[in-house]
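These notes are about the structure you will find just below.
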Amino acid sequence: MALPRALILIVLATALFSTTSSAKEFIVGDEHGWTILFDYQAWASGKLFHVGDKLIFKYRTGENNVFQVNGTDFNNCTVPAASQGLTTGNDVIVLDTPGRKWYLCGVANRCQNGQRLFIDVLPSQAQAPSLSPLSSVLPITLSPSPSPSPSSSPLRAKHPWQLTRKLVALFQH
Ligand SMILES: *[C@@H]1O[C@H](CO)[C@@H](O)[C@H](O)[C@H]1NC(C)=O
Ligand SMILES: *[C@@H]1O[C@H](CO)[C@@H](O)[C@H](O)[C@H]1NC(C)=O
């Protein structure tokens, strides 16, 4: 059975695309945005936040801002004097470490009125298992170019199991 090389490359490209788009963007509060009298813990519950995902705080500038604080300051609605808050009205925070993160609005009593959020960030989803099982089932070379460096190969991509699944489906036809 000789599978057309182009077909294999299309499958690889599809798999690569589906893995590189796995980082999520969360608009905090969805259509409500970042405001008072909204239950941000209810909003966060059931959502899975991973390293690499983004939080986007949308609000009217001047009337709101965003501070990342620690748990103590969160509980007390204390705005850290030393730290500079975010103020653009469209603040994008990349979740770069796992663990609990706390955010609040530092304007007037808005934190006390519910404008605060904590989330638990899970490790990155982009941790790849080894590709060797895949290479051993394929009757062709996986390299689309003559001599790819290991770091530039698309097969270093994050979820080779997806690749495996697609290729297995292909072979079953
Ligand atoms: C938290 O707030 C309470 C009451 O306002 C205050 O007594 C306490 O010192 C604060 N704690 C911290 C760590 O800021
Ligand atoms: C929390 O942050 C404040 C500064 O805003 C700092 O004074 C305090 O020691 C921190 N608390 C902990 C438990 O890290």
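When a ligand or atom number is given, it counts from 1 through the structure's own listing order. Just so you know, these numbers use all the heavy atoms, side chains as well, and skip hydrogens, waters and symmetry mates.
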Nearest protein heavy atom under 4.0 Å from atom 7 (O) of ligand 2, yes or no: no

Of all pairs that satisfy salt bridge (charged side-chain N to carboxylate O under 4.0 Å, His left out), the ones with a partner from residues 93-114, not counting sequence neighbours: Arg100-Asp120

Flag, side chain of Asn76 to backbone of Thr72, donor-acceptor distance under 3.5 Å: no

Nearest neighbour of atom 13 (C) of ligand 2 from the list Thr72, Val69, Thr78, on a heavy-atom basis: Thr72

Atom indices of ligand 2 within 4.0 angstrom of Pro80 heavy atoms, with elements: 5 (O)

Atom 5 (O) of ligand 2: nearest protein contact (heavy atom, Å): Asp73 OD2, 2.6 Å

Residue and atom name of the nearest protein heavy atom (relative to atom 14 (O) of ligand 2), distance in Å to one decimal: Asn70 ND2, 3.2 Å

Under 3.5 Å, which donor-acceptor pairs link side chains of residues 34-41 to any protein atom two or more places apart or in another chain?
| unit_1 | atom_1 | unit_2 | atom_2 | d |
| --- | --- | --- | --- | --- |
| Trp34 | NE1 | Asn65 | O | 2.8 |
| Asp39 | OD1 | Gln41 | N | 3.2 |
| Asp39 | OD1 | Ala42 | N | 3.0 |
| Tyr40 | OH | Gly33 | O | 2.6 |
| Tyr40 | OH | Thr35 | N | 2.7 |
| Tyr40 | OH | Thr35 | O | 3.2 |
| Gln41 | OE1 | Phe118 | N | 2.9 |
| Gln41 | NE2 | Phe118 | O | 2.9 |

Pair Trp43, Asp30: side-chain N/O donor-acceptor within cut-off below 3.5 Å: yes

Taking every non-hydrogen atom, the tightest pair across Thr88 and Tyr59: N-OH, 3.3 Å

